[in-house]
Amino acid sequence: MLKHKEVRVRFAPSPTGYLHVGGARTALFNWLFARHHNGRFILRIEDTDFTRSSEEMVEGILEGMRWLGLDWDEGPYFQSQRIERYREFADKLLQGGSAYRCFCRVENNSAGGLGHPCRSLTPAESAARANSGEAFAVRFKVPGDKTTFQDHVFGSIEVDNSVLEDFVLLRSDGIPTYHLGVVVDDVDMGITHVIRGADHISNTPKQILLYLAAGCPTPEFAHLPLILGPDKQRLSKRHGATSVMAYAEAGYLPDAFFNFLALLGWSPGDDREMLTREELIRLFSLEGVGKADAVFGLDKLDWFNSQYLRNASPEVLRRIAMEELQAEGIMPFSPGRIDAALALLKSRIRKVKDFSTVFRAFFADDYPYDEAAAARFLKEPALRNLIPELLSRYRQDAAFALESTEETLRRFAEDKGVKAGLLINALRVALTGQGVAPGLFEIMQVLGREKTLSRIERLAEYLQDQ
RNA sequence: GUCCCCAUCGUCUAGCUGGCCCAGGACACCGCGCUUUCAAUGCGGCAACACGGGUUCGAAUCCCGUUGGGGACGCCA
């Protein structure tokens, strides 16, 4: 129905906290919708609650959006800079008779509803009291009827206006409330589709009433089901990381997080899950949004992350790994060797954070033997004599090629009548400190002859001390 | 308390214009294969239409109720 008109959507967070998962999902869906329709994605900061808003939070929100790659076409606009405009709007409503002054004290504003005492003040009395300097708030005069609207996700929603009560538009300090702010801004900014969390469903009738009273066309509405924690309760700090930047720090890739988030509450309609941004943009539609709240589960996010990590280009992977290693104070002794190590470790990594633990032995000599690994693979008494012998055989292998290192070990095992696995597992602990690692002989290649030999030597010494 | 909304495997979901569904995919989990540990990978398995009434030849799909869950009721957003 709005084919000829440019689609304009907005993400309007209030800077009273960091960008959390729910907010990020809302921003993401708005972004996808805008990109899909070649429309505009506008960022607006709803900072009319001066006591709880902060510049730091604004920066945090922008940081989160940049991390996710959600670029905006306009803004950020700040409501705090448009106060005059809201007053003007409220004043117009006041003049037109669809709002009235309320002189109640903030503390006892109990009487809401159609029966609010100030509603029956005569225009003359109201104006006189205002002129005498008495403080007042502006309340909207909710008409007695029903308000119905079509939601793109939830369908038809109807409420009896009597449950709405005469809500405040302008506080007695002249600052607009949320309802006034959003409507005025959405009108002024030409917003065509309001896509936001389902927690705003019950606010929508109030806002529609405002559009009507002001004679402005209403935008389309689409409410997104909420994201819940594993306990099905609203996602909160109790559930651990709730800020998207916490996920960035925990080692998730923005693309993986993006893909995962897009599928929370939306589905392309078929079985596809691994989707690029381009595909997501092409496929996205409000029809694919579900109504039921979704639980934010880490298992699948981890899986997505491992997929993206595995599919990342060598350049990207190297950059990510280098950053992580440096952050952990591990300096690769041979940067060129990192690609070889990455090739071996790729499939074993789920989060960027894993790089430092799994990579450590590849680039640092100061690693301990994992206790469990030692208990499992180094307890065989025969190893004490076997390892030094094996070491001397390896010393004779000058080429130290992938095939020869394996052949040397297997032949030695055969000569001694022991299983190759016994030696392989022991050497794995020696070379990596871990009981879990890539194939032993591949590791030897990455480490090189010198490192390998000295580490086997270290194992021999360790076994002597046992 | 009042109002609004939601309800398919443990989780994300497909299905939603009724028969192709004794319900499909993915994650997780459990087996088996491979094997030098762990991954990866291949194969297989476990597992859901909340409940009760209708409507219909036939319902996960439509209607009503119950239960459960969520949201909103601020001079917060």
Side-chain angles (χ1 to χ4, degrees), chain A residues 12-17 46-49 51-53 79 102 104-107 109 112 135-139 151 153-155 157-160 162-165 167-179 181-182 196-206 223 225-226 228 230 232-234 260 263-274 288 290-304 306 310 344-350 358 373 376-377 406 409-410 413 419-429 432 434-443:
Chain A
S14 91
T16 54
E46 310 212 325
D47 57 349
T48 52
D49 184 347
T51 59
R52 295 198 304 148
S53 299
Q79 291 194 323
C102 169
C104 296
R105 314 256 320 228
V106 176
E107 311 83 77
N109 55 358
F136 64 86
V138 175
R139 281 183 188 275
D151 187 279
V153 173
F154 290 94
I157 293 177
E158 177 183 274
V159 296
D160 196 308
S162 64
V163 305
L164 264 26
E165 310 204 330
F167 55 97
V168 171
L169 297 176
L170 214 54
R171 306 182 216 162
S172 48
D173 58 5
I175 303 302
T177 61
Y178 165 69
H179 295 296
V182 244
R196 68 217 320 187
D199 49 339
H200 285 293
I201 287 180
S202 42
N203 288 329
T204 308
K206 294 180 183 174
H223 288 91
L226 266 21
L228 275 22
K232 306 254 187 186
Q233 292 298 301
R234 200 173 191 175
F260 172 69
L263 261 20
L264 260 194
W266 175 81
S267 160
D270 55 34
D271 294 337
R272 283 176 292 179
E273 300 204 289
M274 286 292 295
K291 299 179 184 180
D293 292 342
V295 170
F296 184 80
L298 259 17
D299 280 340
K300 197 147 189 178
L301 172 59
D302 283 350
W303 177 77
F304 267 111
S306 68
R310 195 174 315 151
L344 297 185
L345 293 167
K346 242 166 118 166
S347 70
R348 275 161 258 256
I349 300 286
R350 278 178 95 74
V358 185
R376 184 175 167 199
F377 298 120
E406 176 157 10
L409 185 141
R410 291 197 185 279
K419 291 182 69 176
L422 174 70
L423 301 165
I424 290 172
N425 289 329
L427 290 193
R428 175 176 295 106
V429 178
T432 68
Q434 308 290 314
V436 172
L440 179 69
F441 306 107
E442 281 79 16
I443 294 175

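Labels below follow one simple rule: chain letters A, B, ... track the order of the sequence lines, proteins then strands, and each chain is numbered from 1.
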Let's see if you can work this out: which of [options] has an atom nearest to the side-chain heavy atoms of [X]?
X        : options             : answer
A:Arg171 : B:A72, B:C75, B:U37 : B:C75
A:Val163 : B:G70, B:C6, B:C3   : B:C3
A:Arg52  : B:G24, B:C12, B:C76 : B:C76
A:Arg410 : B:U36, B:C27, B:A40 : B:U36
A:Ser202 : B:A26, B:U41, B:G71 : B:G71

Can a donor-acceptor pair under 3.5 Å be found between the side-chain atoms of A:Ser347 and the base atoms of B:A39?
yes
Measure distances between side-chain N and O atoms of A:Ser172 and base N and O atoms of B:C75, and say whether any donor-acceptor pair falls under 3.5 Å.
yes
If you measure from the C1' atom in B:U13 to the same atom in B:A28, how many Å do you get, rounded?
14 Å
Please report the distance separating the C1' of B:C49 from the corresponding atom of B:C9, rounded so that it comes out in whole Å.
10 Å
Just verifying a value: how many Å separate A:Ser267 OG and A:Glu273 CD, rounded to the nearest 0.5 Å?
8.5 Å
For B:C22, which nucleotide is its Watson-Crick or G-U wobble mate, given both distances must be under 3.5 Å?
none
Rounded distance in Å - CG (A:Asp47) to P (B:C76):
14 Å
A:Arg348 side chain N/O closer than 4.0 Å to the phosphate oxygens (OP1, OP2) of B:U41?
no
